[in-house]
2 protein chains.
Amino acid sequence: MPSPEPLKSGPITLRIVAEAAGVSISTASRALNGQAREYRISKATEEAVQRVAAELGFQPSQVARSLRLKRSGLVGVIVPDISNPFFSAIAREVSLGVEAAGYSVLLGDSREETTIEKRLVAQLQARQVEALLVCPVGLESQHLVQLDQSGLPVVVADRVFEDIQLSSVTSDNVAAGRIATQVLIDHGHRHFGVVSGVRESLPTRHRLQGIRQAMLANGLELDASSIAGDSYTNETGYQSTRELLGRHPEITALFAMCAPLAAGVLRALSDLGYAIPMQMSVVSIDDHPFAELMKTPLTAAAQNIEQLGRVAAEVLLERLKQKRAKDKTLSTGPGRGPVCHQVPASLLERASVAAPRPTSEF
Amino acid sequence: MPSPEPLKSGPITLRIVAEAAGVSISTASRALNGQAREYRISKATEEAVQRVAAELGFQPSQVARSLRLKRSGLVGVIVPDISNPFFSAIAREVSLGVEAAGYSVLLGDSREETTIEKRLVAQLQARQVEALLVCPVGLESQHLVQLDQSGLPVVVADRVFEDIQLSSVTSDNVAAGRIATQVLIDHGHRHFGVVSGVRESLPTRHRLQGIRQAMLANGLELDASSIAGDSYTNETGYQSTRELLGRHPEITALFAMCAPLAAGVLRALSDLGYAIPMQMSVVSIDDHPFAELMKTPLTAAAQNIEQLGRVAAEVLLERLKQKRAKDKTLSTGPGRGPVCHQVPASLLERASVAAPRPTSEF
DNA sequence: AGACTCCGCACAAACGTTTGTGCACGTGGA
DNA sequence: TCCACGTGCACAAACGTTTGTGCGGAGTCT
């Protein structure tokens, strides 16, 4: 009779496998990690171990591996709001991308608050994530830069920073602003209202810049009083619309800087009794799956979110590769410096833009 | 001169802190974990350690803790598609809920495939998650049940199973089907087309059951040929609509079983030139942020997704608490058996339902 | 027959924590 | 003076891996 099965019953560890196979722990480890050849484990032993492991359903403890290997196989993903389709789309692409490379993703939701973002960063760092993808709330970057310089690869997406010392991926926001504005101009609009997101954030600034470029090229100018709003929410879209229309009755077109804002704009226009596009044209940045089913299908400069997510995943994996290489060679070179990717935006012309209504003189 | 700072430069470990404070590792650990009193560490030492730790920015390695404590502080969340607003809303609530309790969430996206779901489950298990929230693809439950019985708390949400041996949280799908159908009946409809999700899935079956209940109560019956579709996608919604309308010209109302299906239905009706609700009424299960901005604001029986997510988080935390208690007492009792929560659905009457068009005899 | 080599594997240290136990010192009473 | 006891801390084991090194035996060569 063999040993009477001590009934340890806990999870199957390498030691259990080794004993069952009648070899030492180290041999078992090497047999299972494909290191049989280099450590001269006989074919017979190797296969025996593998068989036993399979029979017992051995699952190596990633925790123990992480401790020993000093790599957790985890990447952190921090977004301001995972229930926002924009971020969940990014999360999805990143998740698929890094999972294919054997990593798992630790998710953090910062609820649009820098404080929480910082807390999450620290938390994920303590959990030894090997890299971090952050869609920052957008106002502070110092904590991220520090982290990156301390050796934990950080890549930021979407709400990147001005003084960019971090690898980043973002849409070509200047172009997005430009092409969306151009549509309005091409239809003959001269007086725009801009419903803006957080003012200091770089995407907002870039989009404004694009808007101004297009206007300038057509001899127009955007004055500050035609801009309203300072956040990315539906409610801001609603309020800002009423504000702008009250202030500037000559406005014939509204520019919404993101999908939730656009929803608010539409809601306000509906409440105010405007017909779109007959009495008011609307363009938006950001597409939305339901955009074409709406009362008036919305013309928009769409960010290519999937592509953005995929690129983010690539950059992340690239940085991870670099890091592993560096950790091996002990070279402490500064790396190749941050890379900044921009993915193109594209125009989706639908039905929310038309020639301006005849002015009251007519 | 003190020791010339060996320039270990790696991450700050407990040992570094202990040396800097001039105490042993164990003392440092206890000082930092609030165990000073019970292990008779003097107030002075305790504070010294805490000060040094703060100065050095000590962050205990969660990996090492996990190994030693045998709890990772991680919960796994597996959804079929994180970019689907329904699941991302759930993920968000769960994330917020468990984070508040000190856990982090490991995210997995099964892409609607049982194979991937299984792989993810194994992966997360290897990473020692302490509990798992799964929104199952919906066809197989055995791997989850096994896991749960092997001691890893599993709770399933949304696409639960028939032979439910797992704690679950789901909408009251029977009621959702019933109330949405009742609206149609109240408006005078007699001939419905049902655009269905995955047939064998329990939510679908429950919703159908609700539909039938409402019809039966009004002397109507639903025959199999008035049901089309077998997945939750936009495309299925589109195809099924054309199919149903071709097969049953007498249909005056369509019932879409979820938001993406509804989008497909609307798209098809638009292509076919139907005016809603004049020529065709539409109800849906699932609300959508843009629903009221659509061409015809959609009447729907809304699941309360946030509530569902919050309840899921609660159940998860409850099971975690039970587990910790059990691990302590070594009692190996079966626990209180699975609990099944249902959150109510509520009707959102908007504009997509009207009295049926006069029949052609008129 | 002895030295050398290669093969096949086991030993043990290390990763960074937590925690049961033990040791030294000091103080009090008898 | 001696014992008992409380105080304040250090030692060391353990969690489950990976991996550098050591060691015995079989074979080969001289």
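Quantities reported herein were computed from a predicted structural model and do not represent experimental measurements.
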Exercise. So what does S61(B) touch, heavy atoms closer than 4.0 Å: a base, only the sugar-phosphate, or nothing?
Worked result: sugar-phosphate
Exercise. Within less than 4.0 Å of OP1 or OP2 of dT18(C), is there a side-chain N or O belonging to S29(B)?
Worked result: yes
Exercise. Can you check whether R65(A) has a side-chain N or O nearer than 4.0 Å to OP1 or OP2 of dT18(D)?
Worked result: yes
Problem set entry | S104(A) versus E99(A), side-chain donor and acceptor atoms under 3.5 Å | no
Would you confirm whether [X], through its side chain, and [Y], through its main-chain N or O, come within 3.5 Å as a donor-acceptor pair?
{"X": "Q59(A)", "Y": "Q125(B)", "answer": "no"}
{"X": "R127(A)", "Y": "G73(B)", "answer": "yes"}
{"X": "S72(A)", "Y": "Q128(A)", "answer": "yes"}
{"X": "D109(A)", "Y": "I82(A)", "answer": "yes"}
{"X": "S29(B)", "Y": "I25(B)", "answer": "no"}
{"X": "T27(B)", "Y": "V23(B)", "answer": "no"}
{"X": "D81(A)", "Y": "R111(A)", "answer": "no"}

Using whole Å, what does the distance between atom [atom2] of nucleotide [N] and atom [atom1] of [X] come to?
{"X": "R68(A)", "N": "dA13(C)", "atom1": "CZ", "atom2": "P", "result": "13 Å"}
{"X": "Q62(A)", "N": "dT18(D)", "atom1": "CD", "atom2": "C1'", "result": "13 Å"}
{"X": "Q128(B)", "N": "dT17(D)", "atom1": "CD", "atom2": "C1'", "result": "11 Å"}
{"X": "R15(B)", "N": "dC11(D)", "atom1": "CZ", "atom2": "P", "result": "13 Å"}
{"X": "L67(B)", "N": "dT18(D)", "atom1": "CG", "atom2": "P", "result": "12 Å"}
{"X": "R71(B)", "N": "dC15(D)", "atom1": "CZ", "atom2": "C1'", "result": "14 Å"}
{"X": "N33(B)", "N": "dG16(C)", "atom1": "CG", "atom2": "P", "result": "17 Å"}
{"X": "L14(B)", "N": "dT19(C)", "atom1": "CG", "atom2": "C1'", "result": "13 Å"}

Problem set entry | the helix from dA1(C)-dT30(D) to dA30(C)-dT1(D): angle between end helix axes, five pairs per end, rounded to 10 degrees | 70°
Seminar exercise, completed: Protein-proximity profile, nucleotides 4-10 of chain C, B/S/- by nucleotide at the 4.0 Å heavy-atom cutoff, equals ---BBBB
Exercise. Nearest to the side chain of Q35(B), which nucleotide is it out of dT19(C), dT18(D), dT17(C)?
Worked result: dT19(C)
For this session: Looking only at side-chain atoms of K70(A), point me to the closest of dG16(C), dT18(D), dG16(D).
Result: dG16(C)
Problem set entry | Partner of I78(A) under side-chain contact (heavy atoms from CB on, under 4.5 Å), chosen from V134(A), L107(A), I116(A) | V134(A)
